Amino acid sequence: MMDFCVRNSIKHFVHVSSIAVYGDFGENLSEDVACMPKSVYGRTKLDCELAIKEFCSNNDLHYTILRRTAVYGAGCPGNYRLIHNYIKK
């Protein structure tokens, strides 16, 4: 997709990642926290982020990486309950 952007003069690439890149994190999560994924999923997301950063810096392509949290809704998977309980504190 990034090659497509370069070939077609698209100037900005957006990638949806995950907070799983942080691994276990405490209460003070920020972009400054070191990425130490604990799962294959988190490692894959971090590897993608690193590849995107390298490609974009070599090809004059701007990028945004969104590190999403849980998806909310009926029967939602993931860590929504953990986040909900943290917010209630």
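Just so you know, residue 1 is the first one in the sequence shown, and it goes up from there. These numbers were taken from a predicted model, which means no experiment stands behind them.
Distance check: C5 SG to K11 NZ gives 10.5 Å after rounding to the nearest 0.5 Å. Here CG of N59 is found 11.5 Å from CZ of R7. Values are rounded to the nearest 0.5 Å.
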| field | Worked check of side-chain contact (heavy atoms from CB on, under 4.5 Å) between V14 and Y63 | value | CA-CA 6 Å; V14 178; Y63 66 89; over 6 Å; no
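Residues L50 and V33 share a hydrophobic cluster, clusters being chains of Ile/Leu/Val/Met/Phe/Trp/Tyr side chains in contact below 4.5 Å. Note: the hydrophobic cluster containing L46 does not contain I65 (ILVMFWY, side chain heavy atoms under 4.5 Å, direct or indirect links).
Take T64 and apply the side-chain hydrogen bond (donor to acceptor under 3.5 Å, both in side chains) test, not counting sequence neighbours, and it matches H12. Listed by chain and number, the residues in a side chain to side chain contact (heavy atoms under 4.5 Å, CB included) with M2 are F13, I52, F55, C56, L61 (sequence neighbours excluded). The side-chain hydrogen bond (donor to acceptor under 3.5 Å, both in side chains) search around S18 returns none, not counting sequence neighbours.
R68 has its side chain out of reach of I19: every pair of non-hydrogen atoms, C-beta onward, lies at least 4.5 Å apart. Using a 4.5 Å heavy-atom cutoff, the side chains of V21 and R67 are in contact.
The salt bridge (charged side-chain N to carboxylate O under 4.0 Å, His left out) analysis of residues 51-66, with sequence neighbours excluded, yields no pairs. Counting only residues at least two apart or in different chains, side chain to side chain donor-acceptor pair (under 3.5 Å) contacts with residues 31-45 comprise R43-D47.
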